[in-house]
2 protein chains.
Amino acid sequence: MITEAAKDSIRAVIYIALYREDREFISIKEIAQTLNLSFYFLSKNLLKLVKAGILESFRGPKGGVNFKKDPKEVKLIDIISAIDGTYIFESCILGFKECSETNPCAIHNKWAEERKRLYDMFNISVKKVADEIKSGEIKNIKI
Amino acid sequence: MITEAAKDSIRAVIYIALYREDREFISIKEIAQTLNLSFYFLSKNLLKLVKAGILESFRGPKGGVNFKKDPKEVKLIDIISAIDGTYIFESCILGFKECSETNPCAIHNKWAEERKRLYDMFNISVKKVADEIKSGEIKNIKI
DNA sequence: AAATTTTAAGATAATTTTATCTTAAATTTG
DNA sequence: CAAATTTAAGATAAAATTATCTTAAAATTT
């Protein structure tokens with residue numbers, strides 16, 4: 001569905017939203033250690049979010065990353081798009097380069113509906129996900 | 001979502017269901033040429049379907065592959081399972097090894113619903129897909 | 001100013017997936 | 001029986017993704 005890179009990155013931004021509080025920057029080391037992710041791999045991936053204008057970064061001690069955009073405005077789909085691209089939500093499930101209503105593959109209609117739903121599923125802001133977690137509605141949740 | 005191997009294989013079985021008529025075996029060469037797929041890659045993948053008991057094969061001139069199981073009984077999900085495994089329909093969208101209702105990730109509930117729908121989408125028989133195509137309900141369809 | 005910390009950038013390697021080729025075995029055709 | 005055709009099996013290579021490491025640059029701390 002989505003790459004490991006995108007999965008790690010989504011977990012990272014949720015972590016930042018949950019635990020940054022009033023800190024200026026959260027070090028990637030802290031994120032990687034807490035989430036049990038590879039520091040190297042996460043660094044590379046978060047850098048893409050920096051370049052996409054979603055996060056900002058700062059070097060040196062006290063350095064790290066933080067949201068550049070308001071997490072209310074950052075959707076999970078934006079993370080996925082920045083890391084994996086939007087191809088998965090636009091492409092034909094049977095691999096045709098062109099596949100549309102007017103010249104569909106055998107299961108175009110079914111997939112078109114599901115990929116729209118998947119898009120909608122990820123079209124939720126980081127803030128909203130973080131707030132759901134904070135609210136305690138969901139028991140035993142893992143970050 | 002699903003691998004290229006699975007995509008090719010789904011197209012191949014739909015092709016066989018549509019065009020085998022009363023022939024005993026359909027050569028992989030014919031399938032690959034008609035569908036514009038790599039003969040080498042398709043051979044390898046269809047072999048997996050043979051080993052999974054979905055197709056049967058026969059060597060020599062007049063050789064090829066054909067359904068072993070009735071295409072009414074073969075679901076697209078069976079093709080995907082034989083080629084890619086069922087992992088995608090069971091796994092956590094954020095990559096956790098264990099993720100369930102009782103110990104969920106941040107978007108477990110949303111993804112659990114969507115992956116169920118994806119499973120259902122592929123839980124359609126090859127015969128049904130082929131019949132839909134033959135019926136002509138869908139205009140300008142590509143195989 | 002020197003040492004330390006942290007991201008930036010890019011090199012390198014491992015793994016997985018995709019693609020191609022070769023040889024063998026089974027079957028038919030001539 | 002020899003030649004041709006087709007799948008079977010496995011070797012090899014290419015491409016993409018994941019993982020790790022190294023060096024540089026920026027900032028802070030001492």
Side-chain angles (χ1 to χ4, degrees), chain A residues 1-12 16 20 23-68 80 82-85 87-88 91 94-95, chain B residues 1-12 16 20 23-68 80 82-85 87-88 91 94-95:
Chain A
M1 258 299 299
I2 61 178
T3 62
E4 295 303 312
K7 295 175 187 180
D8 290 2
S9 302
I10 289 174
R11 289 182 60 203
I16 299 169
R20 62 176 180 163
R23 289 187 285 169
E24 281 218 76
F25 294 99
I26 316 303
S27 83
I28 299 174
K29 192 176 165 193
E30 171 188 331
I31 303 171
Q33 278 177 354
T34 312
L35 301 186
N36 223 287
L37 299 174
S38 154
F39 166 76
Y40 292 128
F41 195 45
L42 187 61
S43 294
K44 251 190 169 175
N45 297 136
L46 294 190
L47 184 58
K48 286 184 191 163
L49 300 188
V50 171
K51 292 201 167 144
I54 294 168
L55 299 180
E56 59 183 342
S57 62
F58 195 74
R59 294 197 254 201
K62 304 210 162 176
V65 294
N66 202 343
F67 285 98
K68 183 167 187 184
I80 296 169
I83 304 284
D84 293 347
Y87 186 71
I88 173 85
S91 60
L94 295 187
Chain B
M1 257 300 299
I2 62 178
T3 62
E4 294 305 308
K7 294 176 187 178
D8 291 0
S9 302
I10 289 174
R11 288 182 60 202
I16 299 169
R20 63 177 179 164
R23 289 186 287 169
E24 282 219 74
F25 293 100
I26 317 303
S27 84
I28 298 175
K29 193 177 166 191
E30 171 189 331
I31 303 171
Q33 277 176 354
T34 312
L35 301 186
N36 224 287
L37 299 175
S38 154
F39 166 76
Y40 293 128
F41 194 47
L42 187 61
S43 294
K44 252 192 167 173
N45 295 138
L46 293 189
L47 184 59
K48 286 184 192 164
L49 300 187
V50 171
K51 293 203 167 144
I54 294 168
L55 300 180
E56 60 184 341
S57 63
F58 195 75
R59 292 197 255 202
K62 303 212 161 177
V65 294
N66 202 343
F67 286 98
K68 183 167 187 186
I80 296 169
I83 304 284
D84 292 349
Y87 186 70
I88 173 87
S91 59
L94 295 186

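Lettering follows sequence order; numbering is per chain, from 1.
Scanning residues 37-44 of chain A for heavy-atom distances under 4.0 Å to DNA chain C yields A:Phe39, A:Lys44.
For the atom pair CG (A:Leu47) and OG (A:Ser57), the distance works out to 7.0 Å, reported to the nearest 0.5 Å.
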Polar-atom pairs under 3.5 Å, protein N or O versus N or O of nucleotides 26-30 of chain C: list them with distances, or write none.
{"unit_1": "C:dA26", "atom_1": "O4'", "unit_2": "B:Arg59", "atom_2": "NE", "d": "3.3"}

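Close approach of DNA chain D to chain A, defined as any atom under 4.0 Å from a non-hydrogen atom of the protein, starts and stops at D:dT18 to D:dT29.
C:dT6 atom P lies 16 Å from atom CG of A:Asn66, rounded to whole Å. For the pair A:Lys48 NZ and C:dT7 C1', the interatomic distance rounds to 16 Å; values are reported in whole Å. Atom NZ in A:Lys51 sits about 15 Å away from atom P in C:dT7, given to the nearest Å. Here the P atom of nucleotide C:dT16 and the CD atom of B:Glu4 are 19 Å apart, to the nearest Å. Atom NZ in A:Lys29 sits roughly 8 Å away from atom P in C:dT5 (whole-Å rounding). Atom CD1 in A:Ile26 sits about 19 Å away from atom P in C:dT5, given to the nearest Å. Rounded to whole Å, the distance from OH on B:Tyr87 to P on C:dT16 is 13 Å.
Applying the salt bridge (Lys or Arg N to Asp or Glu O under 4.0 Å) definition to pairs two or more places apart or across chains, those involving residues 24-53 of chain A are A:Arg23-A:Glu30.
Listed by chain and number, the residues in a salt bridge (charged side-chain N to carboxylate O under 4.0 Å, His left out) with A:Glu4 are A:Lys7 (sequence neighbours excluded). Residues satisfying the side chain to side chain contact (heavy atoms under 4.5 Å, CB included) criterion with A:Ala5, sequence neighbours excluded, are A:Thr3, A:Phe41, A:Asn45, A:Ile83. Applying the side chain to side chain contact (heavy atoms under 4.5 Å, CB included) criterion to A:Phe67, with sequence neighbours excluded, gives A:Val13, A:Ile16, A:Ala17, A:Arg20, A:Leu55, A:Pro71, A:Val74, A:Val126. Every ring pair (Phe, Tyr, Trp, His ring centres under 6.0 Å) that B:Phe58 has, sequence neighbours left out, goes to B:Phe25.
The residue B:Lys7 sits apart from the nucleic acid: no heavy atom pair falls under 4.0 Å. Using a 4.0 Å heavy-atom distance criterion, A:Leu46 is classed as making no nucleic acid contact.
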Test log, rule side chain to side chain contact (heavy atoms under 4.5 Å, CB included), inputs B:Leu35 and B:Leu42: CA-CA 10 Å; B:Leu35 301 186; B:Leu42 187 61; 5.8 Å; no
Residue pair B:Ile10, B:Ile2: steps toward the side chain to side chain contact (heavy atoms under 4.5 Å, CB included) verdict: CA-CA 11 Å; B:Ile10 289 174; B:Ile2 62 178; 4.1 Å; yes
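Taking all atoms of both residues into account, the shortest heavy-atom contact from A:Arg11 to B:Leu94 is CD-O, 3.7 Å. Considering every non-hydrogen atom in both B:Ile54 and B:Ala82, the closest pair reads CD1-CB, 4.2 Å.
By the 4.5 Å heavy-atom criterion applied to side chains, A:Val65 and A:Leu49 are not counted as neighbours.
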